[in-house]
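Notes for the one structure printed next.
What you are looking at is a predicted structure, and each value in this text was computed from that prediction instead of being measured. Position 1 is the first residue of the sequence; numbering continues from there.
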Amino acid sequence: MTPFKGKDFLTLADYSQDQLYKILAKGSEFKKLHKVGKLPRLLEGRTVALIFEKPSTRTRVSFEAGIAQLGGHPLILNSNDLQLKRGETVQDTGRTLSRYVDAIVMRTFSQSFLEELAEASEAPVINALTDKYHPCQVLADLLTILEKRDHLAGIKLAYIGDGNNVCHSLLLGGALVGMDVWVATPKGYEPDEDVVKRARSLGRNFRQEIKVLGDPNAAAMMADVIYTDVWTSMGQEEEAEKRKRAFAPYQVNEALLALAKKDALVMHCLPAHRGEEISAEVLDGHRSVIFDQAENRMHVQKALLSLIIGDLR
Ligand code: CP
Ligand code: NVA
């Protein structure tokens with residue numbers, strides 16, 4: 001297996017299937033150890049900077065709590081308080097921060113900005129969400145499916161809604177583990193073509209189906225997992241009304257869920273808008289594993305950090 005030490009985590013496409021399974025296995029082990037208060041202090045003496053250019057509840061708190069649980073020091077930085085906001089370059093920011101900290105976790109807008117940061121930084125950089133990808137979320141999602149189904153290959157995941165950052169990472173993560181990923185979006189909101197192509201090439205050994213459709217019912221048919229996300233992502237607020245109209249037929253509700261397998265799981269990365277992309281009864285219903293996904297963020301991110309900068313082999 002290619003070594004993890006010092007490796008950036010900017011997109012799931014940078015990681016191999018073996019690496020992905022290793023993170024999931026360690027995440028699962030850490031979850032059990034956490035419940036009995038026996039987590040090893042694998043990040044003792046390590047400092048991790050967390051920079052947020054957009055709001056966050058789960059990502060921020062799960063990283064902060066998880067790093068502390070492993071004996072490390074999380075340093076939360078609001079980008080408004082950094083010289084970055086006054087024009088200091090991303091390169092100088094990256095070079096400087098990596099003289100102080102062992103890793104940089106950043107939530108920002110453009111993927112290329114994050115790539116520039118990673119290029120300049122000696123310390124590994126982890127993507128905490130960009131407009132293009134949300135890889136940490138999908139680590140948690142895959143662990144959640146694995147916990148409920150015991151396998152990932154051959155699972156059919158139907159993603160209904162916007163072809164956004166979460167959809168992109170699901171396509172790549174799903175492809176890496178041999179899942180069928182069917183995406184249904186309104187016209188004009190499809191996932192980026194380069195990501196779909198990449199997913200198809202990553203998944204070429206599995207003969208799996210990566211499909212992009214317009215019809216949510218066709219995507220949901222006999223699915224093992226129904227996944228949705230907000231119709232308006234952070235930074236797109238001025239399009240909210242137009243999007244509400246375009247996405248109205250794409251709500252995940254009881255009628256759509258009835259098309260999936262009887263025991264299908266319902267997933268959402270949160271935050272959610274009940275009555276928009278998902279009905280309240282489905283979000284809060286017995287098929288929902290949405291809060292398990294949220295919890296698993298903390299466990300998989302601990303595994304990721306321990307492999308990249310900690311004492312885990
Ligand atoms: N799912 C997720 O990343 O949530 P936050 O925006 O609250 O971090
Ligand atoms: N697609 C959403 C995900 C939030 C966790 C956004 O980017 O706002």
Side-chain angles (χ1 to χ4, degrees), residues 4 9-15 17 19-35 39 48 50 52 54-70 74 103 105-107 126-130 132-152 155 157 159 161 164-177 179 181 224-230 233-234 265-272 278 283 287-308 312:
F4 278 97
F9 185 63
L10 306 182
T11 157
L12 284 159
D14 295 341
Y15 278 59
Q17 189 196 67
Q19 288 179 314
L20 195 52
Y21 273 115
K22 172 118 187 192
I23 298 166
L24 299 179
K26 289 293 167 191
S28 168
E29 191 183 321
F30 284 0
K31 183 172 183 173
K32 290 179 194 117
L33 291 172
H34 176 64
K35 308 267 179 213
L39 272 175
V48 180
L50 298 128
F52 288 88
K54 295 177 178 180
S56 169
T57 297
R58 280 145 288 272
T59 307
R60 188 195 138 159
V61 178
S62 60
F63 265 110
E64 188 168 1
I67 293 163
Q69 285 163 18
L70 295 177
V105 176
M106 184 164 193
R107 169 167 289 194
I126 294 175
N127 185 348
L129 180 146
T130 60
K132 184 89 171 178
Y133 295 120
H134 197 4
C136 290
Q137 177 65 49
V138 170
L139 291 179
D141 299 340
L142 295 179
L143 177 59
T144 308
I145 300 170
L146 202 50
E147 285 175 342
K148 307 291 173 192
R149 291 289 176 270
D150 275 335
H151 68 284
L152 296 172
I155 291 278
L157 181 144
Y159 177 93
N164 61 16
N165 42 11
V166 171
C167 175
H168 287 159
S169 287
L170 281 168
L171 280 163
L172 297 178
L176 269 174
V177 296
M179 280 168 42
V181 186
D224 297 282
V225 178
I226 303 275
Y227 199 121
T228 191
D229 183 18
V230 290
S233 283
M234 290 180 278
L265 307 173
V266 173
M267 302 183 78
H268 191 308
C269 62
L270 297 174
I278 188 164
L283 191 153
R287 311 262 196 94
S288 166
V289 292
I290 291 171
F291 292 93
D292 295 320
Q293 291 173 256
E295 176 184 344
N296 285 339
R297 291 292 302 275
M298 185 169 77
H299 306 300
V300 290
Q301 288 161 189
K302 279 188 295 208
L304 181 68
L305 279 170
S306 302
L307 287 161
I308 292 178
L312 192 62

### Query
Can Val300 and Lys26 be said to form a side-chain contact (heavy atoms from CB on, under 4.5 Å), step by step?
CA-CA 7 Å; Val300 290; Lys26 289 293 167 191; over 6 Å; no

### Summary
To the nearest 0.5 Å, atom CG of Leu12 lies from atom CG of Leu139 at 5.5 Å

### Message
Quick one, Thr11 with Ser169, criterion side-chain contact (heavy atoms from CB on, under 4.5 Å). Give me CA distance, side-chain angles, the key distance, then yes/no.
### Response
CA-CA 7 Å; Thr11 157; Ser169 287; over 6 Å; no

### Exercise: identify the closest heavy-atom pair between Ala294 and Leu270
CB-CD1, 4.4 Å

### Task
For the residue pair Cys269 and Asp229, establish whether any side-chain heavy-atom pair is separated by less than 4.5 Å.
yes

### Asn127: side-chain hydrogen bond (donor to acceptor under 3.5 Å, both in side chains) partners, not counting sequence neighbours
Gln111

### Query
Can you find a heavy atom in the side chain of Thr57 that is under 4.5 Å from one in the side chain of Pro271?
no

### Query
Can you tell me if Arg107 uses its side chain to pair, donor with acceptor, with the backbone of Pro55 under 3.5 Å?
yes

### Minimum heavy-atom distance between Asp14 and Gln19, given as atom pair plus value
O-OE1, 4.3 Å

### Message
Would you call the rings of His168 and Tyr133 parallel, tilted or perpendicular, taking 30° and 60° as the class edges?
### Response
perpendicular

### Query
Heavy-atom count around Arg287 CZ within 6.0 Å, excluding the residue itself: above 12?
yes

### Message
Just so I know, are the side chains of Leu171 and Tyr159 near enough to count as touching, which here means a heavy-atom distance under 4.5 Å?
### Response
no

### Query
What closest approach, in Å, do Val138 and Gly173 show between heavy atoms, and which atom pair accounts for it?
CG1-CA, 4.2 Å

## Note on the structure
In terms of heavy-atom contacts, Ala303 and Gly27 come closest through CB-N, 3.5 Å

### Query
Would you find a donor on one side and an acceptor on the other, under 3.5 Å apart, between the side chain of Ser62 and the backbone of Arg297?
no

### Task
Answer yes or no: is there a donor N or O on one side and an acceptor on the other, between the side chain of Ser28 and the main chain of Leu24, under 3.5 Å?
no

### Task
Hey, could you give me the CD1/CD1 distance between Ile23 and Ile308, rounded to the nearest 0.5 Å?
7.0 Å

### Query
Any side-chain heavy atom of Leu304 sitting closer than 4.5 Å to one from Ile126?
yes

### Query
Where do Ile278 and Ile290 land on the side-chain contact (heavy atoms from CB on, under 4.5 Å) test, with the steps shown first?
CA-CA 12 Å; Ile278 188 164; Ile290 291 171; 4.2 Å; yes

### Summary
Closest non-hydrogen atoms of Ala128 and Val105, given as atom of the first, atom of the second and distance, are CB-CG1, 3.6 Å

### Message
With salt bridge (Lys or Arg N to Asp or Glu O under 4.0 Å) as the criterion, how do Glu295 and Lys302 come out once you've worked through the C-alpha distance, each side chain's angles and the decisive distance to 0.1 Å?
### Response
CA-CA 12 Å; Glu295 176 184 344; Lys302 279 188 295 208; over 6 Å; no

### Task
Applying side-chain contact (heavy atoms from CB on, under 4.5 Å), run through Thr59 and Leu50 and close with a yes or a no.
CA-CA 10 Å; Thr59 307; Leu50 298 128; over 6 Å; no

### Summary
ring-ring contact (aromatic ring centres under 6.0 Å, His included) filter on His134, not counting sequence neighbours, yields none

### Query
Which pair of non-hydrogen atoms, one from Leu305 and one from Val48, has the smallest distance, and what is that distance?
CD2-CG2, 4.4 Å

### Message
Checking the side chain of Asn165 only, and the main-chain atoms of Thr130 only, is there a donor and an acceptor separated by less than 3.5 Å?
### Response
yes

### Query
Would a distance-only check, ignoring hydrogens and angles, find a side-chain to backbone donor-acceptor pair under 3.5 Å from Gln293 to His268?
yes

### Message
So, taking the atom named CG in Leu39 and the one named NZ in Lys32, what distance separates them when rounded to the nearest 0.5 Å?
### Response
12.5 Å

### Message
When you compare the side chain of Leu265 with that of Tyr227, does any pair of heavy atoms fall below 4.5 Å?
### Response
no

### Task
Would you indicate whether the side-chain heavy atoms of Val266 and Leu283 approach each other to under 4.5 Å?
no

### Query
Would Lys22 and Glu29 pass as an ion pair if we require N to O under 4.0 Å?
no

### Message
I want to check something: taking the side chain as every heavy atom from C-beta on, are Asp141 and Met267 in contact at a cut-off of under 4.5 Å?
### Response
yes

### Message
Over 60° means perpendicular and under 30° means parallel, so tell me whether Tyr15 and Phe4 are parallel, tilted or perpendicular.
### Response
tilted

### Message
Let me confirm one number: the CG-NZ distance from Leu10 to Lys132, rounded to the nearest 0.5 Å.
### Response
13.5 Å

#### Entry: Candidate pair Thr144 and Asn296, rule side chain to side chain donor-acceptor pair (under 3.5 Å), full reasoning
CA-CA 7 Å; Thr144 308; Asn296 285 339; 3.0 Å; yes

#### Entry: Non-hydrogen side-chain atoms of Leu170 and Leu157 separated by less than 4.5 Å
yes

### Task
Calculate, to the nearest 0.5 Å, the distance between atoms CG and CD belonging to Leu152 and Gln17 respectively.
9.0 Å

### Query
Donor-acceptor pair, His151 side chain versus Arg149 backbone, under 3.5 Å?
yes

### Query
Just how far is it from atom CE of Met106 to atom NZ of Lys54, taken to the nearest 0.5 Å?
10.5 Å

